[in-house]
Amino acid sequence: MKIDISKKLPRDFYLNDTLTVVRKLLGKIFVRKTDKTILAAKIVETEAYIGAVDESAHSFNGETKRNSVMFREGGRLYVYFTYGMYYCANVVTEKKGTGNAVLFRAMEPLEGADLFALNRFGKTELSEKEKINLLNGPAKICMAFGIDKEKNGVDLLGDEIFILDAPPVKKNEIAVSERIGISKSKELPWRFYIADSKFISRR
DNA sequence: ATCAAGATTACCT
DNA sequence: GGTAATCTTGATA
């Protein structure tokens, strides 16, 4: 797969309404470039977190040291540490000060399978089940891409981590549900995924 | 200063 | 389906 920088999503994409961005991100290509390697995957599952009304959003009680990136202008990566051992990655949305973001929950590997495999399982020969499990959870994505707190706040309009445009997923191919793994504001139907993808997280 | 909870995962029966 | 692992953060005192 060729990486065409001209297709990088522009700032305006991220400044749209969060519930628009959370759907439009489905099908887009998340990319991390390092010196010699390119990692790329198709986004197949996302969740919206909207600070003003969402008790489960990290930003709900206002800005803190941990969540400060959520309050910056849309288009940056918000990476947080949780459960003592995992990182999860979001993209910040909307204008500065709003405290909104979209969590990446699952992706389909496109480029860099060997490095994904090494980062996740310490080997390159994977079973079919392991191949499916490479990126099908928010912390798995960070493990596979090598994303940790060093990447918190990185601008997705830069050259290391960015998202490429791709044809939109048809509305009737997008499924909606309640979000996973939260205890507050559970009723909000803000999880979106490509209905027929094998690579979504479960539970 | 102390403490409980957590946007999870892997492994168990 | 159940739970241990593991530790930072934010809230409360």
Side-chain angles (χ1 to χ4, degrees), chain A residues 14 18-19 21-23 25-26 30 41 43-72 74 76-94 98-109 116-123 125-154 156 161 163 175-194 197-203:
Chain A
Y14 302 106
T18 303
L19 291 177
V21 178
V22 69
R23 291 181 184 84
L25 278 171
L26 294 175
F30 184 77
I43 299 166
V44 300
E45 179 180 343
T46 55
E47 284 181 353
Y49 287 86
I50 299 179
V53 295
D54 176 5
E55 288 186 86
S56 69
H58 291 164
S59 50
F60 182 70
N61 288 313
E63 185 169 346
T64 65
K65 189 172 180 183
R66 180 200 202 194
N67 66 22
S68 65
V69 173
M70 286 186 82
F71 290 88
R72 300 186 67 175
R76 286 177 189 273
L77 205 62
Y78 167 51
V79 181
Y80 67 89
F81 184 66
T82 190
Y83 290 105
M85 58 191 110
Y86 298 120
Y87 293 98
C88 297
N90 303 245
V91 53
V92 178
T93 57
E94 303 191 42
T98 47
N100 299 343
V102 172
L103 172 70
F104 299 121
R105 282 203 59 89
M107 299 187 191
E108 173 179 342
F116 283 148
L118 280 172
N119 288 342
R120 287 273 292 122
F121 301 108
K123 59 184 182 182
E125 299 295 317
L126 300 187
S127 68
E128 288 308 306
K129 186 167 186 176
E130 286 169 328
K131 288 179 188 172
I132 295 287
N133 289 343
L134 279 172
L135 302 173
N136 63 348
K140 296 175 185 178
I141 290 168
C142 285
M143 282 185 250
F145 275 90
I147 289 173
D148 61 19
K149 64 174 182 239
E150 299 288 303
K151 305 302 177 198
N152 188 34
V154 166
L156 297 178
I161 301 174
I163 302 176
V176 184
S177 80
E178 296 177 352
R179 293 171 297 174
I180 291 178
I182 56 174
S183 56
K184 302 170 191 167
S185 299
K186 278 181 179 168
E187 70 288 354
L188 296 170
W190 287 352
R191 171 177 177 242
F192 301 85
Y193 57 98
I194 298 179
S197 174
K198 293 184 302 186
F199 296 91
I200 62 171
S201 71
R202 41 178 180 140
R203 198 153 75 162

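None of these values were measured; they are calculated from a predicted model. By convention in this document, chain letters (A, B, ...) are assigned in the order of the sequence lines, proteins followed by strands, and residues within each chain are numbered from 1.
Note on ring orientation: taking the six-membered ring where Trp is involved, the planes of A/Tyr87 and A/Phe81 are tilted (angle from 30° to 60°). Ring geometry, A/Phe30 versus A/Phe145: the interplanar angle exceeds 60°, so the pair is classed perpendicular (tilted spans 30 to 60°).
Residue A/Arg66 is in sugar-phosphate contact alone, with no base atom involved, counting any heavy-atom pair closer than 4.0 Å across all strands shown. Within 4.0 Å (heavy atoms only), A/Ser56 reaches at least one base atom of the nucleic acid.
At a cut-off of 3.5 Å, with distance as the only test, no side-chain donor of A/Lys129 or A/Asn133 sits close to an acceptor on the other residue. Of the N and O atoms on the side chains of A/Ser201 and A/Glu45, at least one donor lies less than 3.5 Å from an acceptor on the other residue.
When distances are taken from the side chain of A/Ser183 to each of B/dA10, B/dG6, B/dA7, the shortest belongs to B/dG6. Counting only heavy atoms from C-beta on, A/Tyr86 has its side chain closest to B/dT8 among B/dA10, B/dT8, B/dA7.
Here B/dG6 presents its P atom at 12 Å from OH of A/Tyr49, a figure rounded to the nearest Å. As a whole-Å value, the separation of A/Ile141 CD1 from B/dT8 P is 11 Å. To the nearest angstrom, C1' of B/dA7 lies 15 Å from CE of A/Met85. Rounded to a whole Å, the CG atom of A/Leu135 is 15 Å from the C1' atom of B/dT8. Distance A/Ile200 CD1 to B/dT9 P: 13 Å, rounded to the nearest Å. Across the protein-nucleic acid pair, A/Arg179 atom CZ and B/dT8 atom C1' stand 16 Å apart, rounded to whole Å. Look at CZ on A/Arg191: it is 12 Å from C1' on B/dA7, rounded to the nearest Å. Between A/Leu103 atom CG and B/dT8 atom C1' there is a gap of 11 Å when expressed in whole angstrom units.
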Between the protein and nucleotides 2-4 of chain B, list the N/O to N/O atom pairs that are separated by less than 3.5 angstrom.
none

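Distances shown here put a side-chain N or O of A/Arg105 below 4.0 Å from the OP1 or OP2 atom of B/dT8.
Scanning for side chain to side chain donor-acceptor pair (under 3.5 Å) contacts around A/Glu47 gives A/Tyr49, with sequence neighbours left out. Residues forming a side chain to side chain donor-acceptor pair (under 3.5 Å) with A/Thr98 (at least two apart in sequence, or on another chain): none.
Around the CD atom of A/Glu125, the shell of radius 6.0 Å holds no more than 12 heavy atoms that belong to other residues, nucleotides or ligands.
Judged by a 6.0 Å distance limit and a 45° cone about the ring axis, A/Arg120 is not positioned over the six-membered ring of A/Phe116.
Contacts between chain A and DNA chain C, taken as any atom within less than 4.0 angstrom of a protein heavy atom, begin and end at C/dA5 to C/dA11.
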Item to complete: Begin from the C-alpha positions of A/Trp190 and A/Leu19 and carry the test side-chain contact (heavy atoms from CB on, under 4.5 Å) through to its verdict.
Response: CA-CA 8 Å; A/Trp190 287 352; A/Leu19 291 177; 3.7 Å; yes
Worksheet entry | Intermediate values then yes/no, side-chain contact (heavy atoms from CB on, under 4.5 Å), A/Val21 and A/Asn100 | CA-CA 11 Å; A/Val21 178; A/Asn100 299 343; over 6 Å; no
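Stacking here means ring centres nearer than 5.5 Å and ring planes tilted less than 30 degrees, and by that measure A/Tyr83 stacks onto B/dT8.
Listed by first then second residue, pairs satisfying salt bridge (Lys or Arg N to Asp or Glu O under 4.0 Å) with a partner in residues 59-70 of chain A number zero, not counting sequence neighbours.
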Fill in: Dot-bracket summary - DNA chain C, pairs being Watson-Crick or G-U whose distances fall under 3.5 Å, with | when paired to another strand
|||||.||||||.
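Side-chain atoms of A/Asp54 do not come within 3.5 Å of backbone N or O of A/Phe60 as any donor-acceptor pair.
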